[in-house]
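Taking it in order: structure first as structure tokens, then the write-up.
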Amino acid sequence: MKFRRPFGADFALNNNRYESFNTDFGVLTWSISEGEWTVAGYMTNSDFMTHAYEKNLGRGYRLCYPSAQLRDIRELNMPVFERVGIAA
């Protein structure tokens, strides 16, 4: 899970190595206001490998994933979502 500012920012790793995305899926959250956040969506490992791009974010190049390509988190249909207020 990655938390990004500003609202609408793309998912970004801390480096530019594809092997650093070594999970089945990634989740991006954005800050709405102090102490409040929203789940922007998720991507699979395959999605990331297909759509990631390099961008210099001011401290070197990072691999980023476009937020417009994120999948709706409700597709995962996980029971934990009901406990944190994400309804399917």
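Within the structure, salt bridge (charged side-chain N to carboxylate O under 4.0 Å, His left out) contacts touching residues 37-47 (residues at least two apart or in different chains) are Asp47-Arg71. Residue pairs meeting the salt bridge (charged side-chain N to carboxylate O under 4.0 Å, His left out) criterion with at least one partner in residues 57-69, sequence neighbours excluded, do not occur; the list is empty.
Judged as a side-chain contact (heavy atoms from CB on, under 4.5 Å), and not counting sequence neighbours, the contacts of Thr38 are Phe7, Trp30, Ile32. Partners of Tyr18 under the side chain to side chain donor-acceptor pair (under 3.5 Å) rule, at least two apart in sequence or in another chain, do not exist in this structure. With sequence neighbours excluded, the residues forming a side-chain contact (heavy atoms from CB on, under 4.5 Å) with Asp72 are Arg74, Glu75, listed by chain and number. Residues satisfying the side-chain contact (heavy atoms from CB on, under 4.5 Å) criterion with Ser20, sequence neighbours excluded, are Leu13, Asn15, Arg17. Qualifying side-chain contact (heavy atoms from CB on, under 4.5 Å) partners for Glu54, counting only residues two or more places apart in sequence or in other chains: Asn16, Tyr61, Leu63.
With values rounded to the nearest 0.5 angstrom, Thr23 atom OG1 is found 9.0 Å from Phe48 atom CZ.
Between Phe21 and Asn45, some side-chain heavy-atom pair lies under the 4.5 Å cut-off. With a 4.5 Å cut-off on side-chain heavy atoms, Val39 and Val27 count as touching. Side-chain contact between Met43 and Phe11 is present, with at least one heavy-atom pair separated by less than 4.5 Å.
In the displayed structure, Asn56 atom CG is contacted under 6.0 Å by more than 12 heavy atoms of other residues, nucleotides or ligands.
Closest of all the heavy-atom pairs between Cys64 and Lys55 is SG-CB, 3.9 Å.
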